[in-house]
Number of protein chains: 2
Amino acid sequence: MVKNNVSIRDIAEKSGVSVATVSRVINNRGKYSKETRDRVLKVIREFDYTPNMTAKALRIRRQQAIGVILPEVTNEYFAAITLKIQEQLFDLGYITMIFNTSYNNEYAVRYSEMIKAQNVSGIICIYDRQTDINKFPEDIPIVCIGYDPKTKVKRKNFARVYVDVAHASWVVTNALIAKGCRKILYMSNWLKKEEGVSGRFLGFKKAMEENGLEIDKRLLIDVDTTGASSAYEAVTRLIKSGIEFDGVACNSDQAATGVIFALNAHNINVPRDVKVIGFDNTAVSKLFMPAISSVEVRPELQSKYAVECLMAMINGEKLDRHEYVVSAEVILRGTT
Amino acid sequence: MVKNNVSIRDIAEKSGVSVATVSRVINNRGKYSKETRDRVLKVIREFDYTPNMTAKALRIRRQQAIGVILPEVTNEYFAAITLKIQEQLFDLGYITMIFNTSYNNEYAVRYSEMIKAQNVSGIICIYDRQTDINKFPEDIPIVCIGYDPKTKVKRKNFARVYVDVAHASWVVTNALIAKGCRKILYMSNWLKKEEGVSGRFLGFKKAMEENGLEIDKRLLIDVDTTGASSAYEAVTRLIKSGIEFDGVACNSDQAATGVIFALNAHNINVPRDVKVIGFDNTAVSKLFMPAISSVEVRPELQSKYAVECLMAMINGEKLDRHEYVVSAEVILRGTT
DNA sequence: CTGAAAGCGCTAACAA
DNA sequence: TTGTTAGCGCTTTCAG
């Protein structure tokens with residue numbers, strides 16, 4: 001059982017050296033003989049001493065802690081990133097503090113106060129299109145995951161990592177076309193925005209054009225893709241109104257399940273009659289039978305980049321670049 | 001943009017009072033006139049001052065922070081609890097630090113060091129049958145979620161909240177029986193343990209006995225229920241060997257999907273021929289069509305209890321009880 | 001009602 | 001190579 005009361009002074013006394021020396025030993029700062037080192041280390045072990053990080057933080061004006069701001073941990077993709085971040089940070093001796101914004105910028109603003117008060121060393125923000133990162137303390141390094149590369153950011157100490165969605169979408173569309181699809185249903189919950197800026201639609205458009213295929217406006221569906229029901233209804237409507245399609249590119253696996261159920265309900269076979277691809281390669285895509293084709297966005301790689309460049313900024317290293325893009329991979333399974 | 005440099009001394013100077021008074025005002029400690037209060041508050045706002053929590057933590061020997069130890073945030077149920085905990089703690093002015101054990105007690109032990117070093121005010125441990133809570137600093141209040149009530153714990157400052165799984169299982173079994181099931185398949189990934197201690201099997205057994213039904217040993221299935229495939233294979237084997245059953249009680253929704261797919265593959269209709277109930281009421285149960293009947297274990301209520309009694313312990317209040325049990329609710333949907 | 005001052009545990013500049 | 005000491009920003013006792 002860990003005790004909570006022995007301080008650096010106790011260790012200094014017990015090992016017959018000064019606190020400065022103990023501090024040096026603890027932090028591997030050199031300037032001590034091997035003998036002192038061993039003696040101090042022995043006493044530390046003996047008394048089961050753990051340096052008080054609060055005191056250290058106060059002194060060096062930095063907590064060995066990182067704030068992770070994300071919409072909701074309950075989102076599988078965000079959770080996967082958060083898990084990996086925490087693991088990596090732990091190995092580096094950092095604590096992970098989490099803050100769920102629930103897609104509400106008000107929250108994010110209040111969090112930023114707390115984060116400042118905590119003297120965290122850095123922030124990782126999993127972007128939700130709502131959080132205004134300009135509200136965060138300017139001297140704290142911050143990296144955004146999923147932050148739209150087109151958004152201009154003025155602050156120093158900033159980097160972003162994001163998925164090359166345009167390319168992923170291009171690959172998805174090409175995969176569908178290669179499987180014989182000609183009339184592809186494009187489903188998104190951000191269609192209006194995407195048509196303007198987002199890469200996902202651009203990749204789709206490019207692939208269609210390159211293959212000499214027309215985009216049927218009626219097959220551009222803008223629904224809530226965080227669940228299955230809206231997708232189910234949308235597809236049902238389409239079927240009933242006799243609009244034909246032979247491939248579906250969804251921006252979530254949940255939507256893909258809705259699409260598949262709707263097709264099945266009308267005796268349209270997947271993948272024979274219609275091929276379907278989801279997004280994020282979540283658990284449900286593997287749970288399904290046939291397993292749903294999807295897009296792997298490599299949360300562990302995103303976390304890796306994020307932590308690496310955050311640490312670089314914290315350690316005052318010059319970043320060779322401020323944008324890390326991870327390319328997604330299309331996983332073809334039973335629904336194509 | 002939040003600045004990071006103004007201290008309590010600055011506020012004291014600017015408002016012409018001592019730091020002691022500023023401190024009193026900040027913490028609503030009384031002993032100041034309304035005028036001083038207003039003046040101080042005005043200056044605080046003006047300078048956008050946020051008290052340095054690290055300094056405070058050092059002084060009062062407690063961080064306004066709670067450590068949440070859990071197997072993995074990627075588990076939907078754990079994530080739901082974590083999300084709610086973080087929200088509540090934030091409202092109470094506490095930071096949430098997370099630690100994923102990955103079901104590995106080694107990790108948990110190393111976390112306990114870090115937690116001690118951080119002077120957290122309390123710990124919430126979402127139990128995974130692996131973590132040894134005796135390894136945690138003895139003076140820090142701790143509440144375990146899901147901790148088996150039969151496990152003896154000696155430490156002070158300890159409370160647990162758990163689901164009455166026995167009752168939930170009893171209700172599930174009764175629901176299946178009420179729907180006409182007689183040969184019920186009981187699926188678990190902890191069968192051996194359950195037959196000994198766990199309440200889940202007890203509830204099943206009780207309901208069967210009360211209804212004069214025999215438990216068919218061949219219908220007690222012990223497989224990995226964290227995914228769908230093991231359940232799929234187990235059910236397929238059962239069908240092939242001609243062992244009949246008309247109801248399935250799973251301990252996860254993932255397993256339930258595997259069961260349903262296996263049945264469908266053999267043209268066995270759900271719910272007509274076989275009724276299926278999952279567990280945890282996760283997203284996939286609602287995604288499915290027909291939606292999968294499941295058991296709602298109220299993560300938000302579990303979080304609420306956990307945070308409440310943790311706060312009580314932190315504030316030195318005497319707990320009226322050390323066990324909080326939340327009763328689960330069976331949600332009947334399309335598969336029954 | 002208000003202020004002076006000690007000190008939480010640590011780091012780092014400076015002295016030896 | 002080692003020690004002394006100031007001070008990080010805050011709370012709290014004690015004196016007024």
Side-chain angles (χ1 to χ4, degrees), chain A residues 3-41 43-44 47-65 93 114 116-121 139, chain B residues 3-41 43-44 47-65 93 113-114 116-121 137 139:
Chain A
K3 272 160 279 157
N4 233 336
N5 29 18
V6 21
S7 82
I8 196 170
R9 272 247 286 278
D10 301 319
I11 301 301
E13 280 172 22
K14 303 293 178 188
S15 40
V17 296
S18 72
V19 290
T21 301
V22 177
S23 175
R24 289 188 192 107
V25 171
I26 292 170
N27 299 293
N28 286 308
R29 282 261 181 288
K31 316 257 188 192
Y32 44 75
S33 68
K34 189 171 181 332
E35 292 74 49
T36 6
R37 200 190 92 104
D38 291 345
R39 191 145 33 93
V40 170
L41 252 27
V43 176
I44 286 180
F47 285 81
D48 192 22
Y49 164 70
T50 324
N52 182 322
M53 297 314 275
T54 306
K56 174 171 183 167
L58 176 60
R59 182 59 232 239
I60 69 173
R61 312 170 98 93
R62 282 257 163 279
Q63 271 243 61
Q64 296 262 83
M114 222 175 205
K116 166 189 159 194
Q118 287 287 339
N119 295 314
V120 300
S121 299
D139 52 343
Chain B
K3 272 160 279 155
N4 233 336
N5 29 20
V6 21
S7 82
I8 197 171
R9 272 247 284 279
D10 301 318
I11 301 300
E13 281 172 20
K14 302 294 178 188
S15 40
V17 297
S18 72
V19 290
T21 302
V22 176
S23 175
R24 290 188 191 108
V25 170
I26 291 169
N27 298 294
N28 287 309
R29 282 262 180 287
K31 318 257 190 190
Y32 43 76
S33 67
K34 191 174 179 328
E35 292 74 49
T36 348
R37 200 190 93 104
D38 292 345
R39 192 145 33 93
V40 170
L41 251 28
V43 176
I44 285 179
F47 285 81
D48 192 22
Y49 164 69
T50 323
N52 182 321
M53 298 314 275
T54 305
K56 175 173 182 164
L58 176 60
R59 183 58 233 240
I60 69 173
R61 312 172 99 94
R62 282 258 162 280
Q63 270 243 62
Q64 295 263 82
E113 289 255 304
M114 223 175 205
K116 166 189 159 195
Q118 286 288 339
N119 295 314
V120 300
S121 299
D139 53 343

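Residue numbers begin at 1 in each chain, while the letters A, B, ... track the order of the sequences.
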Legend entry - Pairwise 5' ranking along DNA chain D for Leu58(B) and Arg29(B), keeping only the more 5' one: Leu58(B)
Legend entry - Residue met sooner reading DNA chain C from 5', once Gly30(B) and Arg59(B) are mapped to nucleotides: Gly30(B)
With sugar-phosphate meaning primed atoms plus P, OP1 and OP2, does [X] contact a base, only sugar-phosphate, or nothing at under 4.0 Å between heavy atoms?
X        : answer
Lys31(A) : base
Ser23(B) : base
Thr36(A) : sugar-phosphate

So, does [X] use its side chain to make a donor-acceptor pair with the main chain of [Y] at under 3.5 Å?
X        : Y        : value
Asn52(A) : Thr54(A) : yes
Asn27(B) : Arg24(B) : no
Ser15(B) : Val43(B) : no

d([atom1], [X]; [atom2], [N]) in whole Å:
X        : N       : atom1 : atom2 : result
Ile8(B)  : dG3(C)  : CD1   : P     : 12 Å
Arg62(B) : dG9(C)  : CZ    : P     : 12 Å
Arg9(A)  : dT11(C) : CZ    : C1'   : 14 Å
Ile60(A) : dC8(C)  : CD1   : P     : 20 Å
Ile26(A) : dG9(C)  : CD1   : P     : 13 Å

Legend entry - Ser7(A) vs dG9(C): side-chain N/O to OP1/OP2 distance below 4.0 Å: no
Legend entry - Side-chain N,O (Arg61(B)) to OP1/OP2 (dG9(C)) below 4.0 Å: yes
Considering all heavy atoms of both residues, which atom of [X] and which atom of [Y] are nearest to each other, and what is their separation?
X        : Y         : result
Gly93(B) : Gln64(B)  : O-CB, 3.6 Å
Tyr49(B) : Val6(B)   : CD1-O, 3.3 Å
Thr50(A) : Lys116(B) : OG1-NZ, 2.7 Å

Legend entry - Pair Lys34(B) + Asp38(B), salt bridge at N-O below 4.0 Å: yes
Legend entry - Of the listed nucleotides dG9(C), dT11(C), dA5(C), the one nearest the side chain of Asn52(A): dG9(C)
Inset, instruction - Could you work out which one of dT2(C), dC14(C), dT11(C) sits closest to the side chain of Arg24(A)? - result: dC14(C)
Inset, instruction - Would you grab the first and last nucleotide of DNA chain D (5' to 3') that comes under 4.0 Å of any non-hydrogen atom in chain B? - result: dG9(D) to dT13(D)
